[in-house]
Amino acid sequence: MLQAELEWRKDDLLTFLPAPFHPAPFHPYILDGSLKTEYPSKELRKMAEEWNENYQSRSHDIRKQYMEQFEEIKDKLPAQVLELHTKSLHDGEVLTVSSTESTITLIIAGTSVGWYDKNVKLTFSDVEKCLIPKQLEGSRWLYDEIYKTGTGFELRVLLENPLSELMIQARELKVETV
């Protein structure tokens with residue numbers, strides 16, 4: 001089971017974990033399959049623990065900085081954008097995506113983890129800019145960040161399966177349960 005998971009995540013691991021000649025090179029362990037063994041070597045275990053501690057520290061600092069910045073802009077954001085921020089779509093699957101020249105509509109499966117227990121329809125209008133991954137449908141919503149722009153807001157979402165990022169800049173957002 002561990003080896004099957006390693007094979008399934010191999011591309012992401014090779015992309016995001018430190019490469020050879022880095023102080024903590026994980027690539028050889030990924031390529032030879034020993035990264036996902038029941039009893040990793042002391043060297044690998046120590047390297048993984050150090051990497052994880054560094055990652056957790058950096059993640060905490062980044063999240064804290066984002067939350068401080070968000071507190072400064074939240075009163076300038078539309079109410080539906082604030083709702084999206086406070087009601088989590090974490091682990092929701094992107095069921096459909098459709099767009100017109102200035103509108104993008106996403107339907108996200110509700111989850112027991114988040115606040116939405118029904119499917120959620122997000123309609124972004126007056127879209128100014130967007131970066132949509134090739135394989136959006138079927139992806140899972142992990143984390144999102146919202147920023148204020150000169151004319152509206154920017155939503156950035158980290159997605160999984162495959163690991164990718166969605167970015168939409170728009171003026172308005174309508175959130176509906178369906």
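We count residues from 1, following the sequence as given. It should be emphasised that the depicted structure is a prediction, and the values quoted were computed from it without experimental measurement.
Minimum interatomic distance between L159 and P133 (heavy atoms only, all atoms of both residues): CD1-CG, 3.9 Å. Of all non-hydrogen atoms in A48 and F26, the two that sit nearest each other are CA-CZ, 3.8 Å. Residues T177 and K118 come closest through the heavy atom pair CB-CB, 4.2 Å. Here the closest heavy-atom approach between residue L155 and residue I146 is recorded as CD1-CG1, 3.8 Å.
Partners of Q135 by side-chain contact (heavy atoms from CB on, under 4.5 Å), not counting sequence neighbours, listed by chain and number: P162. Scored by the salt bridge (Lys or Arg N to Asp or Glu O under 4.0 Å) test, R171 finds E128 as partners (sequence neighbours excluded). Applying the side-chain contact (heavy atoms from CB on, under 4.5 Å) rule to Q69 yields the partners Y66, I73, Y147; only residues at least two apart in sequence or on another chain are considered. E172 meets the salt bridge (Lys or Arg N to Asp or Glu O under 4.0 Å) test with no other residue; sequence neighbours excluded. Remark: E71 pairs with K74 by the salt bridge (Lys or Arg N to Asp or Glu O under 4.0 Å) rule, at least two apart or across chains. For S99, the side-chain contact (heavy atoms from CB on, under 4.5 Å) partners two or more places apart in sequence, or in a different chain, are I104. A search for side-chain contact (heavy atoms from CB on, under 4.5 Å) contacts involving M67 returns R63, H85, not counting sequence neighbours. Shown here are the salt bridge (Lys or Arg N to Asp or Glu O under 4.0 Å) partners of E145, two or more places apart in sequence or in another chain: there are none.
The shortest distance between side-chain heavy atoms of L89 and L84 falls below 4.5 Å. V120 places a side-chain heavy atom less than 4.5 Å from the side chain of L122. For the pair L158 and W141, the minimum side-chain heavy-atom distance is 4.5 Å or more.
Note that NZ of K42 and CG of L44 are 13.5 Å apart. Values are rounded to the nearest 0.5 Å. Taking CD1 of I107 as the start and CD of E137 as the end, the distance is 9.5 Å to the nearest 0.5 Å. Distance check: K174 NZ to S125 OG gives 9.5 Å after rounding to the nearest 0.5 Å. In this structure, CG on L13 lies 4.5 Å from CD1 on I30, to the nearest 0.5 angstrom. A distance of 10.0 Å separates CG of L106 from CG of L95, quoted to the nearest 0.5 Å. Atom CG of N119 and atom CD1 of I108 lie 9.0 Å apart (nearest 0.5 Å).
Checked by atom type and distance alone, the side chain of T86 pairs as donor or acceptor with a backbone atom of E83 at under 3.5 Å. Put simply, the side chain of Q169 never gets that close to the backbone of E154: no donor and acceptor are under 3.5 Å apart. Using modelled atom types, one side-chain atom of S139 and one backbone atom of L136 make a donor-acceptor pair closer than 3.5 Å.
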Does I132 form a side-chain contact (heavy atoms from CB on, under 4.5 Å) with L166? I'd like the steps, not just the answer.
CA-CA 5 Å; I132 298 177; L166 167 70; 3.8 Å; yes
F153 and L173: side-chain contact (heavy atoms from CB on, under 4.5 Å), yes or no, with the steps?
CA-CA 9 Å; F153 67 95; L173 172 64; 3.7 Å; yes
Give the intermediate values and the outcome of side-chain contact (heavy atoms from CB on, under 4.5 Å) for residues L31 and L14.
CA-CA 9 Å; L31 296 171; L14 290 170; 4.0 Å; yes
Test V157 against I168 for side-chain contact (heavy atoms from CB on, under 4.5 Å), laying out the working first.
CA-CA 9 Å; V157 181; I168 300 174; over 6 Å; no
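For residues 44-62, every residue pair satisfying the salt bridge (charged side-chain N to carboxylate O under 4.0 Å, His left out) rule, not counting sequence neighbours, is listed here: K46-E50. Listed by first and then second residue, the salt bridge (charged side-chain N to carboxylate O under 4.0 Å, His left out) pairs that reach into residues 159-169 are R9-E160, R156-E165, sequence neighbours excluded.
Linking ILVMFWY residues whenever their side-chain heavy atoms come closer than 4.5 Å, directly or via other members, places F70 and V81 in the same cluster. Linking ILVMFWY side-chain heavy atoms closer than 4.5 Å, directly or via other members, places V127 and V94 in a single hydrophobic cluster.
Hydrophobic clustering, defined by side-chain heavy atoms of Ile, Leu, Val, Met, Phe, Trp and Tyr closer than 4.5 Å, leaves W8 isolated from every other such residue. Summarising the hydrophobic clusters (Ile, Leu, Val, Met, Phe, Trp, Tyr; side-chain heavy atoms under 4.5 Å, direct or chained), the residues clustered with I62 are none.
The local environment of NZ in K121 is sparse, with at most 12 non-hydrogen atoms from other residues, nucleotides or ligands closer than 6.0 Å. Other residues, nucleotides and ligands contribute over 12 non-hydrogen atoms within 6.0 Å of the CD atom of E5. Q65 CD: 12 or fewer foreign heavy atoms inside a 6.0 Å radius. No more than 12 heavy atoms of other residues, nucleotides or ligands sit less than 6.0 Å from atom CG of D11.
The aromatic rings of H90 and Y143 sit tilted, their planes meeting at an angle between 30° and 60°.
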